[in-house]
Undergrad: 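One structure, pasted below without further comment.
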Amino acid sequence: MDVVEDYNGHVEPGGSAARRTLDALTITKISVGPMDNNAYLLVCRDTNEALLIDAANDPERLSDLIGHGDDRPTLRTIVTTHQHPDHWQALGAVAGAYGANTIAHEADAGPLPVPPDRFVSHGDTVEVGDCALEVIHLRGHTPGSVALLYRDPAGHGHLFTGDSLFPGGVGKTQSPEDFTSLLNDVSSRIFDPLPDDTWFYPGHGDDSTLGAERPKLSEWRERGW
(Lines give C-alpha, C1' and ligand atoms only; values in the text may rest on other atoms or scores of the structure.)
Protein backbone atom coordinates (compact mmCIF):
# COMPACT_ATOMS: atom_id res chain seq x y z
CA MET A 1 0.00 0.00 0.00
CA ASP A 2 1.43 3.34 -1.10
CA VAL A 3 1.00 5.94 1.64
CA VAL A 4 1.62 9.64 1.03
CA GLU A 5 3.00 11.45 4.08
CA ASP A 6 2.27 14.98 2.81
CA TYR A 7 -1.32 15.12 4.07
CA ASN A 8 -3.72 17.62 2.49
CA GLY A 9 -7.08 15.88 2.96
CA HIS A 10 -7.47 14.61 -0.61
CA VAL A 11 -7.31 10.98 -1.72
CA GLU A 12 -8.25 9.43 -5.05
CA PRO A 13 -10.54 6.40 -5.48
CA GLY A 14 -8.27 3.38 -5.81
CA GLY A 15 -5.23 5.57 -5.23
CA SER A 16 -2.70 6.07 -2.50
CA ALA A 17 -3.59 6.48 1.14
CA ALA A 18 -2.56 9.70 2.93
CA ARG A 19 -1.17 9.84 6.46
CA ARG A 20 -1.08 12.67 8.98
CA THR A 21 1.32 12.16 11.89
CA LEU A 22 0.51 13.83 15.20
CA ASP A 23 2.50 13.63 18.42
CA ALA A 24 0.43 10.75 19.84
CA LEU A 25 -1.62 9.52 16.90
CA THR A 26 -1.41 8.86 13.18
CA ILE A 27 -4.44 9.35 10.92
CA THR A 28 -4.45 7.57 7.57
CA LYS A 29 -7.17 8.24 5.02
CA ILE A 30 -8.09 6.02 2.09
CA SER A 31 -10.89 6.02 -0.49
CA VAL A 32 -12.63 2.66 -1.02
CA GLY A 33 -15.51 1.29 -3.04
CA PRO A 34 -17.59 2.63 -5.96
CA MET A 35 -19.04 5.52 -3.93
CA ASP A 36 -15.65 7.04 -3.01
CA ASN A 37 -16.07 6.29 0.67
CA ASN A 38 -13.43 7.49 3.08
CA ALA A 39 -12.08 5.08 5.69
CA TYR A 40 -9.76 6.32 8.44
CA LEU A 41 -7.18 4.25 10.30
CA LEU A 42 -6.10 5.82 13.60
CA VAL A 43 -3.02 4.37 15.32
CA CYS A 44 -1.77 5.25 18.80
CA ARG A 45 1.96 5.81 18.42
CA ASP A 46 2.80 4.61 21.95
CA THR A 47 0.84 1.35 21.98
CA ASN A 48 0.52 0.59 18.23
CA GLU A 49 -3.17 -0.09 18.76
CA ALA A 50 -5.49 0.92 15.94
CA LEU A 51 -9.07 2.00 15.38
CA LEU A 52 -10.81 2.01 11.99
CA ILE A 53 -13.58 4.48 11.22
CA ASP A 54 -16.01 2.99 8.66
CA ALA A 55 -15.00 -0.34 7.15
CA ALA A 56 -16.80 0.87 4.07
CA ASN A 57 -15.63 -1.45 1.29
CA ASP A 58 -12.61 -3.22 -0.25
CA PRO A 59 -11.57 -5.40 2.71
CA GLU A 60 -8.37 -6.36 0.89
CA ARG A 61 -7.31 -2.72 0.55
CA LEU A 62 -8.15 -2.06 4.18
CA SER A 63 -6.06 -5.08 5.16
CA ASP A 64 -3.18 -3.75 3.07
CA LEU A 65 -3.59 -0.39 4.81
CA ILE A 66 -3.25 -2.04 8.21
CA GLY A 67 -0.23 -3.94 6.94
CA HIS A 68 1.06 -7.49 6.97
CA GLY A 69 4.42 -7.26 8.72
CA ASP A 70 5.23 -8.05 12.33
CA ASP A 71 5.20 -4.33 13.12
CA ARG A 72 1.65 -3.76 11.86
CA PRO A 73 -0.75 -2.13 14.31
CA THR A 74 -3.22 -4.20 16.30
CA LEU A 75 -6.73 -3.37 15.11
CA ARG A 76 -8.80 -3.31 18.30
CA THR A 77 -11.88 -1.35 17.27
CA ILE A 78 -14.06 -0.51 14.27
CA VAL A 79 -16.51 2.37 14.58
CA THR A 80 -19.36 2.64 12.07
CA THR A 81 -20.51 6.25 11.83
CA HIS A 82 -24.00 5.39 10.57
CA GLN A 83 -26.21 2.68 9.13
CA HIS A 84 -26.06 3.35 5.38
CA PRO A 85 -24.72 0.29 3.53
CA ASP A 86 -21.92 2.09 1.68
CA HIS A 87 -20.24 2.60 5.07
CA TRP A 88 -20.17 -1.04 6.23
CA GLN A 89 -19.66 -3.32 3.22
CA ALA A 90 -16.34 -4.57 4.63
CA LEU A 91 -17.34 -4.54 8.29
CA GLY A 92 -17.97 -8.25 8.68
CA ALA A 93 -14.85 -9.29 6.80
CA VAL A 94 -12.48 -6.90 8.56
CA ALA A 95 -13.92 -7.44 12.04
CA GLY A 96 -13.76 -11.19 11.54
CA ALA A 97 -10.23 -11.19 10.18
CA TYR A 98 -8.79 -9.12 13.03
CA GLY A 99 -11.11 -9.97 15.91
CA ALA A 100 -11.86 -6.28 16.34
CA ASN A 101 -14.65 -4.97 18.55
CA THR A 102 -17.37 -3.14 16.63
CA ILE A 103 -19.04 0.06 17.82
CA ALA A 104 -22.08 2.03 16.66
CA HIS A 105 -24.99 4.01 18.04
CA GLU A 106 -27.92 1.78 19.02
CA ALA A 107 -30.35 3.73 16.82
CA ASP A 108 -28.38 2.71 13.72
CA ALA A 109 -27.43 -0.83 14.75
CA GLY A 110 -30.29 -2.72 13.08
CA PRO A 111 -29.07 -2.73 9.46
CA LEU A 112 -25.42 -3.51 10.29
CA PRO A 113 -24.13 -6.91 9.11
CA VAL A 114 -22.72 -7.77 12.54
CA PRO A 115 -24.27 -6.74 15.86
CA PRO A 116 -22.15 -4.07 17.56
CA ASP A 117 -20.12 -5.23 20.52
CA ARG A 118 -20.71 -1.84 22.10
CA PHE A 119 -23.29 0.90 21.74
CA VAL A 120 -22.19 4.50 22.22
CA SER A 121 -24.17 7.64 22.98
CA HIS A 122 -23.48 11.37 22.92
CA GLY A 123 -20.66 12.24 25.30
CA ASP A 124 -19.16 8.76 25.49
CA THR A 125 -15.46 8.12 24.94
CA VAL A 126 -13.83 5.58 22.63
CA GLU A 127 -10.17 4.74 23.18
CA VAL A 128 -7.47 3.95 20.65
CA GLY A 129 -4.48 2.98 22.74
CA ASP A 130 -3.65 5.93 25.00
CA CYS A 131 -5.75 8.38 22.94
CA ALA A 132 -9.40 9.22 23.55
CA LEU A 133 -12.10 10.07 21.02
CA GLU A 134 -15.28 11.85 22.09
CA VAL A 135 -18.59 10.66 20.62
CA ILE A 136 -20.89 13.35 19.21
CA HIS A 137 -24.41 12.19 18.29
CA LEU A 138 -25.74 14.06 15.23
CA ARG A 139 -29.40 13.30 14.54
CA GLY A 140 -30.79 13.80 11.04
CA HIS A 141 -28.81 12.08 8.31
CA THR A 142 -29.76 8.91 10.17
CA PRO A 143 -31.15 8.55 13.69
CA GLY A 144 -27.86 7.21 15.08
CA SER A 145 -25.16 9.06 13.14
CA VAL A 146 -22.09 9.82 15.21
CA ALA A 147 -18.96 11.92 14.84
CA LEU A 148 -15.70 11.32 16.70
CA LEU A 149 -13.49 14.10 18.07
CA TYR A 150 -9.82 13.80 18.95
CA ARG A 151 -8.53 16.77 20.93
CA ASP A 152 -4.83 16.81 20.16
CA PRO A 153 -3.02 18.10 23.26
CA ALA A 154 -0.27 19.45 21.00
CA GLY A 155 -2.42 21.00 18.29
CA HIS A 156 -5.93 21.50 16.91
CA GLY A 157 -8.91 19.17 17.06
CA HIS A 158 -9.56 16.39 14.58
CA LEU A 159 -13.23 15.58 13.91
CA PHE A 160 -14.52 12.60 11.93
CA THR A 161 -18.02 13.49 10.76
CA GLY A 162 -19.29 10.55 8.69
CA ASP A 163 -22.00 11.84 6.35
CA SER A 164 -23.32 14.49 8.75
CA LEU A 165 -20.99 17.33 7.75
CA PHE A 166 -19.16 18.04 4.50
CA PRO A 167 -17.40 21.03 2.98
CA GLY A 168 -20.38 23.02 1.71
CA GLY A 169 -23.16 21.65 3.89
CA VAL A 170 -24.67 19.02 6.11
CA GLY A 171 -25.43 15.53 4.87
CA LYS A 172 -28.50 14.47 2.93
CA THR A 173 -31.77 14.28 4.86
CA GLN A 174 -35.18 12.84 4.02
CA SER A 175 -37.46 15.59 5.35
CA PRO A 176 -37.42 19.23 6.46
CA GLU A 177 -37.65 18.00 10.05
CA ASP A 178 -34.57 15.79 9.66
CA PHE A 179 -32.68 18.67 8.03
CA THR A 180 -33.52 21.01 10.90
CA SER A 181 -32.50 18.37 13.43
CA LEU A 182 -29.18 17.75 11.73
CA LEU A 183 -28.32 21.42 11.23
CA ASN A 184 -29.28 22.19 14.82
CA ASP A 185 -27.05 19.40 16.13
CA VAL A 186 -24.16 20.36 13.86
CA SER A 187 -24.50 23.97 15.01
CA SER A 188 -24.88 23.35 18.75
CA ARG A 189 -22.64 20.29 19.14
CA ILE A 190 -19.87 21.10 16.66
CA PHE A 191 -19.69 24.73 15.54
CA ASP A 192 -20.69 26.35 18.84
CA PRO A 193 -18.22 24.56 21.16
CA LEU A 194 -15.31 23.91 18.78
CA PRO A 195 -12.80 26.43 17.41
CA ASP A 196 -12.17 27.38 13.81
CA ASP A 197 -8.93 25.43 13.53
CA THR A 198 -10.75 22.11 14.09
CA TRP A 199 -10.03 19.96 11.05
CA PHE A 200 -12.86 17.69 9.97
CA TYR A 201 -12.77 14.48 7.96
CA PRO A 202 -16.01 13.55 6.16
CA GLY A 203 -17.32 10.21 4.91
CA HIS A 204 -16.74 11.14 1.26
CA GLY A 205 -14.50 13.63 -0.50
CA ASP A 206 -12.06 16.21 0.80
CA ASP A 207 -11.55 17.53 4.31
CA SER A 208 -12.13 21.06 5.55
CA THR A 209 -11.97 23.13 8.74
CA LEU A 210 -14.77 24.54 10.84
CA GLY A 211 -13.42 28.02 10.22
CA ALA A 212 -13.79 27.61 6.46
CA GLU A 213 -17.39 26.44 6.79
CA ARG A 214 -18.66 28.55 9.70
CA PRO A 215 -19.56 31.64 7.61
CA LYS A 216 -21.90 29.47 5.49
CA LEU A 217 -24.13 28.19 8.32
CA SER A 218 -26.89 30.77 7.79
CA GLU A 219 -26.76 30.12 4.04
CA TRP A 220 -27.23 26.38 4.66
CA ARG A 221 -30.24 27.04 6.85
CA GLU A 222 -31.83 29.36 4.29
CA ARG A 223 -31.15 26.86 1.50
CA GLY A 224 -33.01 24.20 3.45
CA TRP A 225 -33.13 20.54 2.76
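Predicted model, so just to flag it, every value in this text is computed and none were measured.
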Undergrad: Please tell me whether Asp2 and Ser16 have a donor and an acceptor in their side chains that are separated by less than 3.5 angstrom.
TA: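 There is such a pair between these side chains.
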Undergrad: So, using side-chain hydrogen bond (donor to acceptor under 3.5 Å, both in side chains) as the criterion, who are the partners of Asp197 when residues are at least two apart?
TA: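 Testing Asp197 for side-chain hydrogen bond (donor to acceptor under 3.5 Å, both in side chains), a comparison that skips the adjacent residues, returns none.
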Undergrad: I need the full list of salt bridge (Lys or Arg N to Asp or Glu O under 4.0 Å) pairs touching residues 150-165, with sequence neighbours left out, sorted by first then second residue.
TA: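 Salt bridge (Lys or Arg N to Asp or Glu O under 4.0 Å) check on residues 150-165 returns Glu134-Arg151.
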Undergrad: Between Asp36 and His204, is any side-chain donor less than 3.5 angstrom from a side-chain acceptor?
TA: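 The answer is no; no qualifying pair exists.
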Undergrad: For Asp192, does the CG atom sit with more than 12 other heavy atoms under 6.0 Å from it, leaving out its own atoms?
TA: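 Yes, the 6.0 Å shell around CG holds more than 12 heavy atoms from other groups.
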Undergrad: Looking at Tyr7, Tyr40, Tyr201, which hits side chain to side chain donor-acceptor pair (under 3.5 Å) with Arg20?
TA: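 With Arg20 as partner, Tyr7, Tyr40, Tyr201 yield a single side chain to side chain donor-acceptor pair (under 3.5 Å), made by Tyr201.
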Undergrad: Side chains of His10 and Glu12: donor-acceptor distance under 3.5 Å anywhere?
TA: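 Yes, a side-chain donor-acceptor pair sits under 3.5 Å.
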Undergrad: Could you tell me whether the side chains of Thr81 and Asp54 share a donor-acceptor contact shorter than 3.5 Å?
TA: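 Judged by distance alone, the side chains do pair up.
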Undergrad: Please walk me through it: do Leu42 and Thr26 pass side chain to side chain contact (heavy atoms under 4.5 Å, CB included)?
TA: CA-CA 6 Å; Leu42 280 55; Thr26 64; over 6 Å; no
Undergrad: Would you mind reporting whether His156 and Thr198 have side-chain heavy atoms less than 4.5 Å apart?
TA: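 Heavy-atom side-chain distance check fails, nothing below 4.5 Å.
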Undergrad: May I have the step-by-step check of side-chain hydrogen bond (donor to acceptor under 3.5 Å, both in side chains) for His84 and His141, ending in yes or no?
TA: CA-CA 10 Å; His84 288 158; His141 180 65; 3.1 Å; yes
Undergrad: Looking only at atom types and distance, does a side-chain atom of Asn48 sit under 3.5 Å from a main-chain N or O of Thr74, one as donor and one as acceptor?
TA: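 No, Asn48 side chain to Thr74 backbone: no donor-acceptor pair under 3.5 Å.
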Undergrad: Would a distance-only check, ignoring hydrogens and angles, find a side-chain to backbone donor-acceptor pair under 3.5 Å from Thr142 to Gln83?
TA: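 Such a contact is absent between Thr142 side chain and Gln83 backbone.
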Undergrad: Check whether any side-chain N or O of Arg72 sits under 3.5 Å from a backbone N or O of Gly69 as a donor-acceptor pair, and report yes or no.
TA: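 Side chain of Arg72 to backbone of Gly69, a donor-acceptor pair under 3.5 Å: yes, one is there.
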Undergrad: Okay, side chain of His158, backbone of Leu148: is any donor-acceptor separation there less than 3.5 Å?
TA: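 No; judged by distance alone, with no hydrogens or angles, the pair does not exist.
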